Amino acid sequence: MALTIGIAGLPNVGKSTLFNALTRATVLAANYPFATIEPNVGVVPLPDARLGELAKMFGSERILPATVSFVDIAGIVRGASEGEGLGNQFLANIREADAICQVTRAFNDPDVVHVDGKVSPKDDIETVSTELILADMQTLEKQIPRLEKEVRARRTEPEVLETARGALALLEEGTLVSAGADKAGLDREVLATFHLMTAKPFIYVFNMDADGMEDKTLQQELRDLVAPAEAVFLDAQFEAELIELDEDEAREMLADAGQEESGLDKLARVGFDTLGLQTYLTAGPKEARAWTIHRGWTAPQAAGVIHTDFEKGFIKAEVISFDTLMEEGSIANARAHGKMRMEGKDYVMADGDVVEFRFNV
């Protein structure tokens with residue numbers, strides 16, 4: 001399931017440093033605008049302690065976690081919607097992402113220049129939002145006259161035109177479509193047909209220094225600034241150093257910094273949730289694996305992620321929750337105690353279901 005999160009923001013906010021840490025890649029992280037010229041894609045494993053437990057129980061040779069794909073997109077500058085900087089080239093890259101992770105600078109460092117000359121998370125967020133809003137307004141202003149003609153000719157439903165006008169009204173107020181669509185009563189499925197950047201889910205990552213990571217008051221202010229979107233706080237340089245360590249050293253470094261988990265692990269989890277995804281689990285001697293599906297998918301749809309034949313020939317799914325399986329200690333015990341369930345085509349998958357599909361090709 002190839003869903004991607006685009007890492008966007010102004011130049012010199014730490015996007016490439018974050019991307020390097022996320023993917024252990026060697027993307028150029030330089031102290032000047034437009035160090036990133038082509039979007040870079042990194043596939044990041046989703047932390048899942050359940051897989052290790054399943055691997056022990058089943059004697060699995062390997063562990064295959066779910067993944068989150070991040071795309072590193074060059075810095076947006078004021079006027080990008082009119083072609084400033086590298087302009088619409090990168091707005092197109094954002095359009096192709098399923099969600100947007102906006103990295104915002106919340107640290108002071110005289111050695112790292114700020115493209116606007118001062119550090120202000122609120123202003124930076126507004127700059128990026130404004131450019132996306134202006135670009136989306138251009139998109140809708142081109143589409144609405146065509147939709148009006150199609151509605152008159154009865155080739156398009158009036159609801160489509162009204163949704164486009166409603167989205168444009170939100171943008172003209174300076175509101176992201178993702179933030180105002182539900183209150184305005186706009187149909188999300190219709191909105192998706194317009195391919196608007198501001199209709200995508202947003203995650204806000206605040207790149208902080210050590211002082212900022214301890215400043216809970218500042219973090220709450222920033223959280224309030226972007227609500228109801230998710231806010232993630234991390235120190236990209238710290239994360240880059242952390243991934244160079246072995247597991248024990250990394251755990252000790254996190255403890256010294258007063259953190260229970262790395263910022264990257266949290267970002268991967270938040271990103272996965274923002275995309276509306278969940279996992280189900282399979283295990284055997286060869287592998288313990290997490291499979292990615294959309295929330296609300298049925299058992300046959302979930303089976304199709306493994307192979308299309310599984311969905312076409314679906315008969316039943318033998319299901320147990322991960323927690324129940326751990327309590328029973330083995331599949332054999334779970335079956336003996338009647339804890340394994342046989343579910344049919346209408347069963348809606350739950351996160352952490354351990355499943356064996358039965359199908360007929």
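These numbers were taken from a predicted model, which means no experiment stands behind them. Along the sequence shown, the residues carry numbers beginning at 1.
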> Any donor-acceptor pair under 3.5 Å linking the side chain of Asp265 with the backbone of Pro47?
Replying inline: no

> Are the side chain of Asn207 and the backbone N or O of Arg105 linked by a donor-acceptor pair below 3.5 Å?
Replying inline: no

>> Is there a side-chain contact (heavy atoms from CB on, under 4.5 Å) between Arg269 and Asp273? Walk through the geometry before answering.
In response: CA-CA 6 Å; Arg269 286 192 295 99; Asp273 187 61; over 6 Å; no

> Taking atom CD of Glu157 as the centre, does the number of heavy atoms from other residues, nucleotides or ligands within less than 6.0 Å exceed 12?
Replying inline: no

> Which pair of heavy atoms, one from Ala231 and one from Val226, lies closest together, and at what distance?
Replying inline: CB-CG2, 3.9 Å

> Does atom CG of Asp246 have more than 12 heavy-atom neighbours, drawn from other residues, nucleotides or ligands, at distances under 6.0 Å?
Replying inline: yes

>> If we count only N and O atoms by modelled type, under 3.5 Å, do the side chains of Asp215 and Gln219 hold a donor and an acceptor together?
In response: no

> Can you check whether Val355's main-chain N or O pairs, donor with acceptor, with Asp353's side chain at less than 3.5 Å?
Replying inline: no

> Between atom CZ of Phe314 and atom OG1 of Thr298, what is the distance when rounded to the nearest 0.5 Å?
Replying inline: 7.5 Å

> With side chains defined as the heavy atoms from C-beta onward, is the minimum distance between Leu222 and Met208 less than 4.5 Å?
Replying inline: yes

>> Hydrophobic clustering (ILVMFWY, side-chain heavy atoms < 4.5 Å, transitive) - are Leu170 and Leu176 grouped together?
In response: yes

> Between the main-chain N or O of Arg95 and the side-chain N or O of Lys200, is there a donor-acceptor pair closer than 3.5 Å?
Replying inline: yes

>> Under 4.0 Å between a side-chain nitrogen and a carboxylate oxygen: does that hold for Lys339 and Glu327?
In response: no

>> Regarding Arg165 and Glu148, does a basic nitrogen lie under 4.0 Å from an acidic carboxylate oxygen?
In response: yes

>> With rounding to the nearest 0.5 angstrom, report the NE2 to CD distance, His195 to Glu96.
In response: 11.0 Å

> Minimum heavy-atom separation for Phe238 to Ala257, with atom names?
Replying inline: CZ-CB, 3.9 Å

>> Donor-acceptor pair, distance only, cut-off 3.5 Å: does the side chain of Asn333 make one with the backbone of Glu328?
In response: yes

>> Using modelled atom types and a 3.5 Å cut-off, is there a donor and acceptor pairing between side-chain atoms of Asp124 and backbone atoms of Thr104?
In response: no

> Do the side chains of Met326 and Ile63 join up, straight or via other hydrophobic residues, at under 4.5 Å, putting them in one cluster?
Replying inline: yes

> Could you state the interatomic distance from OG1 (Thr17) to CG (Asp72), rounded to the nearest 0.5 Å?
Replying inline: 9.5 Å

Quiz: residues 181-190 side-chain donor-acceptor pairs under 3.5 angstrom, not counting sequence neighbours:
{"residue": "Asp182", "atom": "OD1", "partner": "Arg188", "partner atom": "NE", "Å": "3.2"}
{"residue": "Asp182", "atom": "OD1", "partner": "Arg188", "partner atom": "NH2", "Å": "3.4"}
{"residue": "Asp182", "atom": "OD2", "partner": "Arg188", "partner atom": "NH2", "Å": "3.3"}
{"residue": "Asp187", "atom": "OD1", "partner": "Glu189", "partner atom": "N", "Å": "2.8"}
{"residue": "Asp187", "atom": "OD1", "partner": "Val190", "partner atom": "N", "Å": "3.1"}
{"residue": "Arg188", "atom": "NH2", "partner": "Ser178", "partner atom": "O", "Å": "3.3"}

> Should the pair Trp297 and His294 be assigned to parallel (<30°), tilted (30 to 60°) or perpendicular (>60°) ring geometry?
Replying inline: tilted

> Side-chain heavy atoms under 4.5 angstrom apart, residues restricted to Ile, Leu, Val, Met, Phe, Trp, Tyr: same cluster for Tyr204 and Val232?
Replying inline: yes

> For Ala299 and Phe357, which heavy atoms make the closest approach, and how far apart are they?
Replying inline: O-CE2, 3.5 Å

> Is any side-chain heavy atom of Leu264 less than 4.5 Å from a side-chain heavy atom of Leu18?
Replying inline: yes

>> The criterion is ring-ring contact (aromatic ring centres under 6.0 Å, His included); which residues satisfy it with Phe322, sequence neighbours excluded?
In response: none

> More than 12 heavy atoms of other residues, nucleotides or ligands under 6.0 Å from CD of Glu126: is that the case?
Replying inline: yes

> Does the side chain of Thr156 reach to within under 4.5 Å of the side chain of Leu161, using non-hydrogen atoms?
Replying inline: no

> Should the pair Tyr280 and Trp291 be assigned to parallel (<30°), tilted (30 to 60°) or perpendicular (>60°) ring geometry?
Replying inline: parallel

>> What verdict does the side-chain contact (heavy atoms from CB on, under 4.5 Å) test give for Leu281 and Leu51, after you've listed the backbone C-alpha separation in whole Å, the side-chain angles of each residue and the deciding distance to 0.1 Å?
In response: CA-CA 8 Å; Leu281 311 171; Leu51 289 173; 3.9 Å; yes

> Within the side chain of Ser60, is there an N or O that forms a donor-acceptor pair under 3.5 Å with the backbone of Pro285?
Replying inline: no

> Shortest non-hydrogen contact from Ala97 to Ile5?
Replying inline: CB-C, 4.4 Å

> Could you give all pairs that pass the salt bridge (charged side-chain N to carboxylate O under 4.0 Å, His left out) test and reach residues 50-59, with sequence neighbours left out?
Replying inline: Asp48-Arg50, Arg50-Asp351, Glu53-Lys56

>> Test of understanding: clusters of I, L, V, M, F, W, Y form through side-chain heavy atoms closer than 4.5 Å, transitively. Do Met213 and Met253 belong to the same one?
In response: no

>> Show the nearest heavy-atom pair for residues Ala99 and Leu275, with the distance to one decimal.
In response: CB-CD2, 3.7 Å

> Side chains of Phe194 and Leu147: closer than 4.5 Å at any heavy-atom pair?
Replying inline: yes

>> Any heavy-atom pair between the side chains of Tyr347 and Arg341 that's under 4.5 Å?
In response: yes

> Do Leu191 and Ile144 share a hydrophobic cluster, counting only Ile, Leu, Val, Met, Phe, Trp and Tyr and linking them when any side-chain heavy atoms are less than 4.5 Å apart?
Replying inline: yes

> How far apart are the C-alpha atoms of Arg335 and Glu318, what are their side-chain angles, what is the distance that settles it, and do they pass the side-chain contact (heavy atoms from CB on, under 4.5 Å) test?
Replying inline: CA-CA 10 Å; Arg335 287 190 177 125; Glu318 191 173 23; 2.9 Å; yes

> So, Glu239 side chain and Gly263 main chain: donor-acceptor pair closer than 3.5 Å or not?
Replying inline: yes

> Heavy-atom distance under 4.5 Å between the side chains of Leu254 and Glu260, does that happen here?
Replying inline: no

> Which atoms form the tightest heavy-atom contact between Cys101 and Val205, and what is the distance?
Replying inline: SG-CG2, 3.5 Å

> Taking it one step at a time, do Arg289 and Thr279 satisfy side-chain contact (heavy atoms from CB on, under 4.5 Å)?
Replying inline: CA-CA 9 Å; Arg289 182 164 183 166; Thr279 56; over 6 Å; no

>> With heavy-atom distances below 4.5 Å as the criterion, would you say the side chains of Arg62 and Lys286 are in contact?
In response: no

>> Side chains of Leu325 and Met340, heavy atoms from C-beta outward: is any pair under 4.5 Å?
In response: no

